[in-house]
Amino acid sequence: MPEAFDSQEPVLTIGLAAERTGVSVPTIRLYEMEGLLIPFRTPSGRRLYSYEDLRRIQCIRHLIHDEGLNLAGVRRLVALLPCWRLKPHNDETDGPMAECTAIQQEKEPCWIIRRREGKRTDEECRRCEVYRNALSCTQEMKTLYRELATCKPQDLQPGQQSGTSE
DNA sequence: ATTCTGACA
DNA sequence: TGTCAGTA
């Protein structure tokens with residue numbers, strides 16, 4: 001069995017990604033325009049996808065085809081996810097938590113906010129557990145989103161985590 | 001042959 | 001979502 005390949009390595013062209021996921025090429029590009037995907041790029045500009053990206057594309061497809069969401073719905077869903085729920089804030093690399101625009105606004109996922117702030121952070125975000133898990137469609141994430149969708153904004157603020165079983 | 005961006009049905 | 005144009 002093949003175990004020597006990295007599920008995060010960019011190895012598939014958009015055509016192959018479309019073939020494997022059942023999502024058309026134009027639609028995959030659309031997902032990217034919506035900020036849901038951050039594909040790799042070859043020096044010439046061609047998009048490349050990893051096997052993990054394939055899972056991500058399938059997750060989005062699932063939300064749209066099976067959960068009845070549209071693209072706007074998917075965006076709102078991921079926007080509900082505070083980055084600190086998946087990854088401890090790091091003052092060293094992220095700066096003071098109080099000054100983090102991603103945590104302050106939370107109207108969009110952190111990777112989209114960071115990009116708009118002009119930072120070339122795609123590489124880091126692609127590796128970040130927040131980006132990688134937000135659209136993983138695991139049972140854990142489904143449970144988390146269900147919780148986030150029903151509680152109030154105040155309940156989402158960091159620092160209120162009565163740190164017990166987390 | 002395949003992909004890219006932008007525009008449009 | 002799909003498709004067409006004009007490239008690379």
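Lettering follows sequence order; numbering is per chain, from 1.
- Rounded to an integer number of Å, the gap from A/F40 CZ to B/dC4 C1' is 19 Å.
- Not counting sequence neighbours, A/Y49 has no partner by the ring pair (Phe, Tyr, Trp, His ring centres under 6.0 Å) test.
- In summary, A/E124 and A/K87 do not engage in a salt bridge, as defined by a charged side-chain N under 4.0 Å from a carboxylate O.
- Among the heavy atoms of the strands, none lies under 4.0 Å from A/S44.
- The nearest whole Å value for the distance from the CG atom in A/L30 to the P atom in B/dC8 is 17 Å.
- Closest-nucleotide positions on DNA chain B for A/E32 and A/R46 were compared, and the one nearer the 5' end corresponds to A/R46.
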Dot-bracket notation for DNA chain C, counting Watson-Crick and G-U pairs under 3.5 Å, with | for partners on another strand: ||||||.|
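- Here the P atom of nucleotide C/dT1 and the CG atom of A/L71 are 7 Å apart, to the nearest Å.
- Distance, A/R41 CZ to B/dT3 P: 13 Å, rounded to whole Å.
- At a threshold of 4.0 Å, the pair A/K142-A/E67 counts as salt-bridged, since one of the basic side-chain nitrogens sits closer than that to a carboxylate oxygen.
- In this structure, A/V130 and A/P109 have side chains that are not in contact, with every pair of non-hydrogen atoms separated by 4.5 Å or more.
- Between A/Y31 atom OH and C/dG2 atom P there is a gap of 10 Å when expressed in whole angstrom units.
- For the pair A/E147 and A/R85, the salt-bridge criterion is met [side-chain N within less than 4.0 Å of a carboxylate O].
- The CD1 atom of A/I60 sits 10 Å away from the P atom of C/dT1 (whole-angstrom rounding).
- Note: CG (A/L69) to C1' (C/dT1) measures 17 Å, nearest angstrom.
- Environment of CZ in A/R132: crowded, with over 12 heavy atoms of neighbouring residues, nucleotides or ligands closer than 6.0 Å.
- Between A/R29 atom CZ and C/dT1 atom P the separation is 14 Å, expressed in whole Å.
- Checked for salt-bridge contact, A/E123 and A/R126 meet the test: a charged N lies under 4.0 Å from a carboxylate O.
- Between A/D94 and A/R114, at least one side-chain nitrogen of the basic residue sits less than 4.0 Å from a carboxylate oxygen of the acidic one, meeting the salt-bridge criterion.
- Between A/S50 and A/V11 the shortest side-chain heavy-atom distance does not fall below 4.5 Å.
- Near DNA chain C, meaning a heavy atom under 4.0 Å from it, residues 21-28 of chain A has A/S24, A/P26, A/T27 in order of number.
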